[in-house]
Amino acid sequence: MGNSGSAVKVCADHQGGINWLSLSPDGQRLLTGSEDGTARLWSTADSQCHGHFQGHESYITFCHLENEAAFTCSADHTIRKWDVVTGQCLAIYRGHTSIVNRILVAKDYLFSGSYDRTARCWSVDKENQIQEFRGHRNCVLTLAHYSSKDVLEEEEEEEEEEEKVSRDLLVTGSTDCTVKVWWVSSGRCYQTLLGHTGAVLCLILDAPNRELFSGSTDYTIRTWNIVTGEQLKVFKEHQGSIICLELVNRHLYSGSADRTVKCWLVDTGERIQTYKAHKHSVSTLKYHAGILFTGSGDACARAFNSRSGVLQKIFRGHKFIINCIQIHNELLYTASHDGTLRIWDIRGICKRNKRRLKKERSAQGRSSQKGSLSRLFNNKVGCMVQQENGDHETVELM
């Protein structure tokens with residue numbers, strides 16, 4: 001395979017664009033959901049297709065992979081559960097009356113959001129609907145889930161005695177410009193978060209810190225206290241819709257239609273870095289080992305040094321927008337609307353980044369030691385820092 005970072009394989013089995021790519025928790029499999037109405041299961045060990053899930057009557061919008069089961073949702077208004085070994089359809093969840101945009105699996109629950117303006121909760125093991133969340137005035141685009149025991153103190157839980165049967169909460173983002181928080185057990189709306197003036201496209205939840213981040217077509221990211229519903233901060237520097245978010249070590253990364261990614265310090269709201277070079281909207285992003293990987297509408301994936309913002313690689317070969325990326329065992333997987341899944345070797349860039357981080361830490365250590373000695377001395381005397389688009393081409397920018 002080499003260490004150049006070039007594409008090691010192009011998987012072109014799908015007959016339509018790939019809308020989503022999911023990695024199993026154990027890292028052994030990948031699932032792609034496509035415009036051709038099918039999903040395919042891939043092994044990360046040999047990059048071969050080991051499953052072909054057929055049955056949906058329209059295109060697949062989103063997919064989710066567990067170790068033993070796969071889930072797909074579709075424009076045919078249904079969600080399906082599949083056995084990853086046999087490829088058999090285990091369940092069909094019916095009830096939505098329009099396109100199902102997003103699904104989320106948590107505990108024994110399967111959640112879904114739809115253009116029919118509702119979110120729904122289903123039993124993972126059965127096909128029956130447990131709850132319907134009705135109240136949005138337009139389609140539900142994005143979902144998040146948490147348990148009240150992760151965020152509420154004991155005295156606060158007592159105030160919600162009626163909900164003690166289940167402490168699970170669902171968060172929904174909608175094109176009606178609102179975010180809503182719902183009790184799963186009753187379907188009751190616990191909070192409506194008001195402030196956005198455009199559709200809410202993405203959500204990131206930080207339950208231990210009681211925070212929720214929402215990105216919108218109003219060009220802003222907002223952070224909320226998920227217990228009180230209070231709006232905490234507004235991040236305003238983007239000049240286009242916020243399409244994707246990633247939260248790592250209290251650093252928030254936001255990808256936008258303005259062709260940039262920005263990095264923010266969550267605790268202060270300060271924007272500390274802007275990652276440029278994209279020639280179209282940033283559609284997806286993933287942080288890995290000090291490197292920020294992005295996918296764009298310009299059909300390229302990119303790798304940036306997350307601290308300096310320096311562009312380190314451009315991965316060329318796709319023909320249309322990259323809709324999703326995953327990383328496993330220092331391989332980058334990119335799924336595109338051109339119908340292909342491409343696999344790239346990123347060992348070289350990861351290795352160089354580790355060496356760079358080691359040097360930076362060493363330099364910081366020497367600087368700190370030098371500063372300490374200087375202070376000690378001063379105290380004793382009383383004194384007080386693009387190429388052409390080829391099929392498997394990677395551009396090195398080091």
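Hydrogens, waters and symmetry mates play no part in the numbers below; they use all other heavy atoms, side chains included.
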Salt-bridge contact [X]-[Y] (side-chain N to carboxylate O under 4.0 Å):
| X | Y | value |
| --- | --- | --- |
| D125 | K81 | yes |
| E330 | R347 | no |
| D206 | R250 | yes |
| D176 | K180 | no |

Exercise: do [X] and [Y] side chains pair donor with acceptor under 3.5 Å:
| X | Y | value |
| --- | --- | --- |
| H196 | T178 | no |
| T172 | H136 | yes |
| K262 | T274 | yes |
| H238 | S254 | yes |

- Does any pair with a residue in residues 266-306 pass ring-ring contact (aromatic ring centres under 6.0 Å, His included), and if so which ones, sequence neighbours excluded?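 Found Y253-Y287, Y275-F304, H278-F304.
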- Got a second to check how far K9's NZ is from D345's CG, nearest 0.5 Å?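 These two atoms lie 15.0 Å from each other.
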- Task: Determine the sole option in D298, T340, N323 for which the side-chain hydrogen bond (donor to acceptor under 3.5 Å, both in side chains) test with H318 is passed.
- Result: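 Of all the options given, the one that passes is T340.
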- Query: By side chain to side chain contact (heavy atoms under 4.5 Å, CB included), which residues pair with Q15, not counting sequence neighbours?
  - Reply: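 By the side chain to side chain contact (heavy atoms under 4.5 Å, CB included) rule, Q15 matches D36.
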- Message: Taking side chain to side chain contact (heavy atoms under 4.5 Å, CB included) as the definition, give me every residue that meets it alongside L104, ordered by chain and number, with sequence neighbours left out.
- Response: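 For L104 the side chain to side chain contact (heavy atoms under 4.5 Å, CB included) partners, ignoring immediate neighbours, are A106, F111, L143, H145.
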- Query: Under a 4.5 Å cut-off applied to non-hydrogen side-chain atoms, are C350 and R352 in contact?
  - Reply: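 A side-chain contact is absent here, since even the closest heavy-atom pair is not under 4.5 Å.
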- Task: Find out whether R120 and H96 are in side-chain contact, i.e. whether some heavy atom of one side chain is under 4.5 Å from a heavy atom of the other.
- Result: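 Yes; the side chains approach each other to less than 4.5 Å.
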- Candidate pair L65 and S24, rule side-chain contact (heavy atoms from CB on, under 4.5 Å), full reasoning: CA-CA 5 Å; L65 183 59; S24 63; 3.7 Å; yes
